[in-house]
There are 2 protein chains.
Amino acid sequence: MNASQFSTKQRILGAAEVLFARYGFAGASLRQVTAAANVNLAAVNYHFGSKENLIEEVFRRRLDDLNARRQAALTKVEKRADATLEDALDAFIRPALQLSLDRSGGGAFMRVLARAYAEHDDRLRRFLSDNYGHVLREFVVVFHHMLPHLDKEELYWRLDIVAGALTYAMADFGVIKRKGGTSEQSHRERAAEHLVRFAAAGLRAP
Amino acid sequence: MNASQFSTKQRILGAAEVLFARYGFAGASLRQVTAAANVNLAAVNYHFGSKENLIEEVFRRRLDDLNARRQAALTKVEKRADATLEDALDAFIRPALQLSLDRSGGGAFMRVLARAYAEHDDRLRRFLSDNYGHVLREFVVVFHHMLPHLDKEELYWRLDIVAGALTYAMADFGVIKRKGGTSEQSHRERAAEHLVRFAAAGLRAP
DNA sequence: TACTCGATCAAACGACCGTTTGAAGGATAC
DNA sequence: GTATCCTTCAAACGGTCGTTTGATCGAGTA
């Protein structure tokens, strides 16, 4: 008799995501994770091999979907002749926003992703770059067409800034307090709108 | 006979800063810290009381100085009648850049600061807000005078984005690879220049 | 010289860590 | 019925963790 409709693997991934977001990769122990997932301690090493592999799977589960959505949105933008800079930015930002709004742990995952940046861990960076770098490169090409006055290096710098601000905003790091009655969802939606306006102006700067 | 000209406390703080930056607060152990500082393990609890207090002292040592520099730069801007938005942004960004360029561990500290954001730890957030919030509030007032077309809420959102991008840039999270022959210092200086241009345009957006 | 007291030391405390082990379920195929 | 294979389980492994203890050092004072 299980406490959930989900498989052992899925329950471990869900619990790990929440606890990694809250306490970090080193700070959350497998005992905490397995207790929260209502599975035996040994299940992590049985299903994933090691804690390190579990961490990678937490990323894979969400990023596969995120990148597919970004890719699809970007392809739509590429096909339209009248697409604006805001459209391309939206193709980059909206999928991340939607993921962060996902009812089951999306918000936690965005915090996990922000932690990965902070970790500066080479193994993790290589994993992310190897598996998801190609989509980012395609975005750069599209932005380059839309902003021909910027040389490639300048463009890289500005997109790097946008990525940083996006991560920061989606992980809810900001100092802006949610007003009473405002849900976490609509707070993030606001953040995305403001970010698109801000980033579009920043990218267009001479 | 000590291995260094610095006091035990200073050596612990320096080593802790570097190791917290590299492995995180939970990931870096007091045994690693005291070994790197060339002091006895018990010295941390003798001088700081606990690991938690040591973490706070790592912040205090740098942030006192950072805030004083920001305050001074902002006061100069306030006194000039012809000060531009770029001047005010510079007052916010340049002190952080200078800190990150500090030869003895400044770069490490910016990564520690970014980790603090990622930690989302309430105790730490309260500590930072209580001790350093007033300077940020003063910046908001100045920006509000310079951008009267933005209502207060819009302005808060945009400054929040700037703070996120700044943290991201100074912690060297970006995907931009340093070119051969470019020092970490001049890489950060470039990042700050780009950030001021980008942020000024973003803030001025209608 | 004797005393004091902050600083440093090696050693140990109990708790928790990631991982491994070997036995026990429990469904499916023969 | 029983053999097979995947999964789950309690228990234990060696190690590392933050913290505490009590001895020892060494400069300053009476």
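In the text below, chain A, chain B and the rest are named by the order of the sequence lines, each starting its count at 1.
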Exercise. Quickly work out the Glu52(A) CD to dC17(C) P distance and round it to whole Å.
Key: 17 Å

Quiz item: Between dA12(C), dC9(C), dC17(C), which nucleotide has the shortest distance from any of its atoms to the side chain of Ala42(B)?
Solution: dC9(C)

Quiz item: With respect to the side chain of Thr8(A), which nucleotide from dT8(D), dC17(C), dT19(D) is positioned closest?
Solution: dT8(D)

Quiz item: Has Ser29(B) got a side-chain N or O lying under 4.0 Å from the OP1 or OP2 atom of dC17(D)?
Solution: yes

Quiz item: dC17(C), dG18(D), dC6(D): which one has an atom nearest the side-chain heavy atoms of Tyr46(A)?
Solution: dC6(D)

Quiz item: Checking side chain to side chain donor-acceptor pair (under 3.5 Å) against Asp65(B), which of Arg62(B), Arg69(B), Arg61(B) comes through?
Solution: Arg69(B)

Practice problem: Could you check how far CD1 of Ile12(B) sits from P of dC9(C), rounded to whole Å? | Solution: 10 Å

Quiz item: Is a salt bridge present between Arg60(A) and Glu57(A), judged by a nitrogen-to-oxygen distance below 4.0 Å?
Solution: yes

Practice problem: For Ala43(A), answer base if it contacts any base atom (sugar-phosphate contacts may also be present), sugar-phosphate if it contacts only those atoms, and nothing otherwise; contact means non-hydrogen atoms under 4.0 Å. | Solution: nothing

Quiz item: Do side-chain atoms of Arg158(B) reach the backbone of Ala205(B) as a donor and acceptor pair under 3.5 angstrom?
Solution: yes

Quiz item: Roughly how far, to the nearest 0.5 Å, is the NE2 atom of His144(B) from the CD atom of Glu154(B)?
Solution: 12.5 Å

Quiz item: Between His47(A) and Leu41(A), which is nearer to the 5' end of DNA chain D once each is assigned its nearest nucleotide?
Solution: His47(A)

Exercise. Apply the test ring-ring contact (aromatic ring centres under 6.0 Å, His included) to residues Tyr168(B) and Tyr168(A): give CA-CA distance (whole Å), side-chain angles for both, the deciding distance (0.1 Å), then the verdict.
Key: CA-CA 8 Å; Tyr168(B) 179 89; Tyr168(A) 180 88; 9.7 Å; no

Practice problem: Report yes if at least one side-chain N or O of Asn40(A) is closer than 4.0 Å to OP1 or OP2 of dA10(D); otherwise report no. | Solution: yes

Quiz item: When you match Gly49(A) and Gln32(A) each to their closest nucleotide on DNA chain C, which lands nearer the 5' end?
Solution: Gln32(A)

Practice problem: In whole angstrom, give the distance that lies between atom NZ of Lys51(A) and atom C1' of dT20(C). | Solution: 17 Å

Exercise. Could you check how far CG of Asn53(A) sits from C1' of dT19(C), rounded to whole Å?
Key: 13 Å

Practice problem: Let me know the distance between OH of Tyr23(B) and P of dG18(D), rounded to the nearest Å. | Solution: 14 Å

Self-check item: Separation of dC17(C) P from Arg31(B) CZ (nearest whole Å)
Solution: 15 Å

Self-check item: Side-chain N,O (Asn45(A)) to OP1/OP2 (dG18(C)) below 4.0 Å
Solution: no

Exercise. In whole angstrom, give the distance that lies between atom CG of Leu30(A) and atom P of dT20(C).
Key: 12 Å

